[in-house]
Every structure is written in C-alpha cells, then in structure tokens.
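Have a look at the structure below, then the notes.
Quick note: residue numbers are just sequence positions, from 1.
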Amino acid sequence: MNDTLKLATPPVNSSEPFATHEVRGGGGTRLHVREWGTREGPDVVLIHGWSQSHLCWARQVTGPLAENFHLVAFDNRGHGMSEKPSGAGYYVDPRLWADDLAAVIDQIDLDRPVIVAWSYGGFIATDYVRAYGEEEISAINLVGAAVTLRPPDFDDIGPGFLENAPEASVPELGTNIAAIQRFLRACTVRPLTSDQWSAALCWNMVVPAEVRGALISREIDAGDVLSQLSVPVLVTHGRADAVVLPSMAEHTLEICPTAEPSWYPNVGHMPFLEDTARFDRELAELALRTT
C-alpha cells in the first residue's frame with residue numbers, strides 16, 4: 001500500500017486562472033490575487049497560512065469546486081508573489097491584515113463571499129471582522145485555524161510548529177531550510193508526494209525569514225470576535241493536527257455561538273489536501289446554504 005498522498009491529475013490548462021490582479025492592500029502593499037471558476041457562482045476567498053502561498057489551494061482551484069464557484073486566492077503580504085516590505089511593522093498591525101482582505105473583497109467586487117481561512121488565516125479573518133464587521137461576508141470556514149497566539153506558552157499550538165518556527169525565522173538559510181522541511185513533514189499524517197513536497201518547500205522558502213518571525217511575534221486572542229459572530233462558522237480540523245492542536249478548534253467551538261465542527265480522523269494540518277473530496281463537498285454545502 002502506498003503511504004503517500006496522491007494528487008489528482010487535473011485536465012490540461014485547468015490550473016490557469018481566468019484573471020490575475022495586483023490589489024493594493026493595507027498601507028498600499030501590493031497583493032497578488034488570482035481568480036478561478038465561474039463568475040456566476042458563489043464567491044469564495046481562500047486564505048493560506050504561515051509561510052505558505054495561494055498555490056496550496058491547487059486541488060480546490062483545479063477540481064470540481066471550480067465548475068460551480070468563483071474561487072479567489074491571494075498571496076498574503078510577505079508571501080508568494082505579493083510584495084514583501086521589510087520591517088516587522090508591516091506584519092504585526094492587525095489593521096493591515098484586515099485592510100488586505102477588505103481590499104481583495106472590494107477590488108475584485110465580491111458579493112458576500114465565504115472566507116476560507118487556513119491556519120494563520122484564522123487570525124486574518126478575525127482581524128478583518130474586528131475592523132469591518134461581518135456584513136460583507138456570508139460565512140467563515142476555519143481550517144486547522146489558529147485563533148489565539150500567546151507567547152511564550154503558545155497554548156493550543158503544537159510541536160510541529162513550535163519545534164520548527166523559531167529556526168525557520170533566523171537569518172541563516174541552511175537552518176531555515178532544515179526547519180521548513182521538518183515543518184512540512186509535521187503538516188500531514190501521510191507524506192506528501194515528491195512533486196507536492198518540492199513545490200511546498202519552494203513556496204515556503206520564497207517567504208523571508210524575517211517575515212516568518214514577525215508573524216509569530218504578535219500576541220492575539222480572537223475571542224472578542226468569535227463570541228459575537230452571527231454568520232455561520234464551519235470549524236474544519238484534523239484530529240491528528242500537530243501544528244494547530246485540536247484543542248484550538250475545541251476552544252473556537254466553545255466560544256463561538258454559530259460554530260459547528262467537522263472533525264477529520266487520521267488527518268493532520270491540511271484537510272483540504274489530505275481529504276480533498278470531503279473538504280470540497282463540505283465547503284460547497286456551506287457556500288450554497290449561506291450565499
């Protein structure tokens with residue numbers, strides 16, 4: 001039995017977005033944004049996590065979701081093909097993160113999208129709601145999402161992150177690479193395929209080490225936002241997540257009155273990759289009943 005995750009082979013050219021944009025986010029930072037699927041379908045915004053890229057959503061934007069939904073993914077500030085301003089101030093201000101998401105929603109002219117927030121994306125989604133309210137969104141899908149960051153104890157953050165993030169954030173390339181390799185191994189229960197592993201390592205290493213460090217220097221508690229939400233919240237979480245622990249999802253479910261759980265057995269930090277069919281089905285159901 002093969003223990004690696006098998007990526008579906010998409011049809012030729014299906015990975016090509018139908019539009020690519022440069023959006024000016026918080027403080028004028030240039031954000032790289034792409035659109036897939038159909039403009040006539042419900043809008044869905046995909047937000048990636050710490051040190052990642054819009055490319056992590058490849059299965060979603062090349063699969064069945066793209067037949068019926070308008071999928072928008074962007075590289076967070078400091079990541080991927082977006083601008084990477086130098087200095088911690090560009091990454092520790094919650095209003096800048098809120099303004100980034102608001103700019104994408106406004107400048108791509110989205111109609112009350114579902115916000116899919118993976119990992120660190122949980123902070124971005126709640127930063128946005130704190131600043132702008134929830135009137136312009138229809139639902140939130142928190143995917144292996146972090147909603148608290150409390151250094152130095154980092155409650156509910158797992159060893160897959162804590163044992164690797166510090167060395168991924170120092171100004172030493174060899175140390176960074178080794179740390180990101182360990183981090184990627186911790187993200188899934190079964191190993192990634194060689195192609196997926198290589199791609200993920202590359203998009204992680206595009207992120208400057210100082211950006212990775214700045215992101216985890218914040219102290220965050222999104223309880224004020226979660227406790228007041230009225231839009232539906234789907235909490236998608238792997239039972240075997242070693243990066244953001246299942247206890248983080250339990251915390252969200254306890255304090256958020258609109259939250260409902262979707263637990264993935266024998267799945268780690270990447271449910272959208274480790275069980276794509278189920279993830280896509282549940283996201284589609286959420287979007288269709290809320291938009």
Are Leu65 and Leu273 connected in a single hydrophobic cluster, I mean Ile/Leu/Val/Met/Phe/Trp/Tyr linked by side-chain heavy atoms less than 4.5 Å apart?
-> yes
Any donor and acceptor pair, going by atom type alone, linking the side chain of Gln60 with main-chain N or O of Asp280 inside 3.5 Å?
-> no
Evaluation steps, side-chain contact (heavy atoms from CB on, under 4.5 Å), between Leu215 and Trp97 = CA-CA 11 Å; Leu215 265 63; Trp97 293 104; 3.9 Å; yes
Determine whether Val114 and Val45 make a side-chain contact, defined as any pair of heavy atoms from C-beta on separated by less than 4.5 Å.
-> no
What closest approach, in Å, do Leu173 and Met205 show between heavy atoms, and which atom pair accounts for it?
-> CD1-CE, 3.8 Å
Would you indicate whether the side-chain heavy atoms of Val72 and Leu46 approach each other to under 4.5 Å?
-> no
Please check if Ile105 and Leu96 belong to a single hydrophobic cluster, counting links between Ile, Leu, Val, Met, Phe, Trp and Tyr side chain heavy atoms closer than 4.5 Å.
-> no
Salt bridge check: are Glu282 and Arg278 linked by an N-O gap of less than 4.0 Å?
-> yes
Donor-acceptor pair between Thr148 and Asp221 side chains, under 3.5 angstrom | no
Given Asp75, which of Arg34, His54, His32 fulfils the side chain to side chain donor-acceptor pair (under 3.5 Å) condition?
-> His54
Does OH belonging to Tyr90 count more than 12 external heavy atoms closer than 6.0 Å?
-> no
When the ring centroid of Trp57 is compared with that of Phe272, is the distance short of 6.0 Å?
-> yes
With sequence neighbours left out, what residues match Asn141 under side chain to side chain donor-acceptor pair (under 3.5 Å)?
-> Thr236
Excluding sequence neighbours, so at least two apart, what forms salt bridge (charged side-chain N to carboxylate O under 4.0 Å, His left out) with Glu136?
-> none
Please examine the side chains of Cys56 and Trp118, heavy atoms only from C-beta on, and report whether any two atoms are closer than 4.5 Å.
-> yes
Selection residues 156-182 - residue pairs positive for ring pair (Phe, Tyr, Trp, His ring centres under 6.0 Å), sequence neighbours left out = Trp50-Phe161
Between His237 and Trp263, is a side-chain contact (heavy atoms from CB on, under 4.5 Å) present by the stated rule, with each step listed?
-> CA-CA 5 Å; His237 215 102; Trp263 292 107; 3.7 Å; yes
How far does CD of Glu254 sit from SG of Cys256, to the nearest 0.5 angstrom?
-> 11.5 Å
For Arg281, salt bridge (charged side-chain N to carboxylate O under 4.0 Å, His left out) partners two or more places apart = none
About how many Å separate CZ of Arg24 and CG of Asp99, when rounded to the nearest 0.5 Å?
-> 14.0 Å
Do side-chain atoms of Arg182 reach the backbone of Asn164 as a donor and acceptor pair under 3.5 angstrom?
-> no
Pro265 backbone acceptor or donor facing Arg239 side chain under 3.5 Å | no
When clusters are formed by joining ILVMFWY residues with side-chain heavy atoms under 4.5 Å apart, either directly or through shared neighbours, do Phe18 and Val61 land in the same one?
-> no
Atom CD of Glu22: over 12 foreign heavy atoms under 6.0 Å | yes
Walk me through it: do Glu260 and Val235 pass the test side-chain contact (heavy atoms from CB on, under 4.5 Å)?
-> CA-CA 6 Å; Glu260 59 183 77; Val235 180; over 6 Å; no
Whether Arg212 side chain and Val207 backbone form a donor-acceptor pair below 3.5 Å | yes
Please check if the side chain of Asp43 supplies one atom and the backbone of Asp111 the other of a donor-acceptor pair under 3.5 Å.
-> yes
Checking Asp275 side chain against Pro271 main chain: does a donor-acceptor pair fall under 3.5 Å?
-> no
Using a 4.5 Å cut-off on heavy atoms from C-beta on, say whether the side chain of Val116 contacts that of Leu283.
-> yes
Specify the closest pair of heavy atoms between Pro232 and Ser138, including all atoms of both residues, with the distance to one decimal.
-> CD-O, 3.4 Å
What class does the angle between the rings of Tyr128 and Tyr132 fall in, given that below 30° is parallel, 30 to 60° is tilted and above 60° is perpendicular?
-> parallel
Honestly curious: do Val92 and Ile47 fall in one hydrophobic cluster under the side-chain, below-4.5 Å linking rule?
-> no
Does one side chain, of His21 or Glu35, offer a donor that lies under 3.5 Å from an acceptor on the other?
-> yes
Distance-only donor-acceptor check, side chains Arg77 and Ser82, under 3.5 Å = no
CG/Leu184 to CD/Gln196 distance, rounded to the nearest 0.5 angstrom?
-> 9.5 Å
In the hydrophobic cluster built from side-chain contacts under 4.5 Å, what are the other members alongside Leu55?
-> Trp203
Flag the pair Arg130 and Asp127 as a salt bridge only when some basic side-chain nitrogen lies within less than 4.0 angstrom of an acidic carboxylate oxygen.
-> yes
Closest approach of Ala186 and Ala242, non-hydrogen atoms and distance?
-> O-CB, 4.2 Å
When rounded to the nearest 0.5 angstrom, what distance separates OG1 in Thr290 from CD in Glu285?
-> 11.5 Å
Heavy atoms of other groups near Asn266 CG, more than 12 under 6.0 Å = no
Would you mind checking if Arg185 and Glu163 are paired as a salt bridge, meaning a charged N to carboxylate O distance below 4.0 Å?
-> no
Taking every heavy atom of Asn76 against every heavy atom of Leu31, the minimum-distance pair comes out as C-CD2, 4.4 Å
Specify whether His79 and His48 have parallel, tilted or perpendicular ring planes, treating 30° as the upper limit for parallel and 60° as the lower limit for perpendicular.
-> tilted
Validation: residues 243-253 side-chain donor-acceptor distances under 3.5 Å, sequence neighbours left out:
residue: Ser247; atom: OG; partner: Asp156; partner atom: OD1; Å: 2.6
residue: Thr252; atom: OG1; partner: Met248; partner atom: O; Å: 3.3

side-chain contact (heavy atoms from CB on, under 4.5 Å) between Phe69 and Thr38, worked out = CA-CA 6 Å; Phe69 296 90; Thr38 172; 5.9 Å; no
Is the side chain of Tyr91 donor-acceptor paired with the backbone N or O of Glu210 at a distance under 3.5 Å, no angle test?
-> no
CG on Leu234 to CG on Leu142, rounded to 0.5 Å = 8.5 Å
If we only count heavy atoms from C-beta on, is the Glu134 to Ile140 side-chain gap below 4.5 Å?
-> no
Of all heavy-atom pairs between Ser169 and Ala165, which one has the smallest distance, and what is that distance?
-> OG-O, 2.9 Å
Ignoring hydrogens and geometry, is there a side-chain-to-backbone donor-acceptor pair from Glu219 to Pro151 under 3.5 Å?
-> no
Examine distances only and state if a side-chain atom of Thr126 and a backbone atom of Phe123 form a donor-acceptor pair shorter than 3.5 Å.
-> yes
Would you say the side-chain atoms of Asn176 pair up with the backbone N or O of Glu167, donor to acceptor, closer than 3.5 Å?
-> yes
If you measure only the distance, is there a donor-acceptor pair under 3.5 Å linking the side chains of His269 and Ser119?
-> yes
Are Ile180 and Leu162 connected, step by step, through hydrophobic side chains (Ile, Leu, Val, Met, Phe, Trp, Tyr) whose heavy atoms are closer than 4.5 Å?
-> yes
Note: Asp100 and Gly26 closest approach over all heavy atoms is OD1-N, 2.7 Å
When rounded to the nearest 0.5 angstrom, what distance separates CG in Leu229 from OG1 in Thr258?
-> 5.0 Å
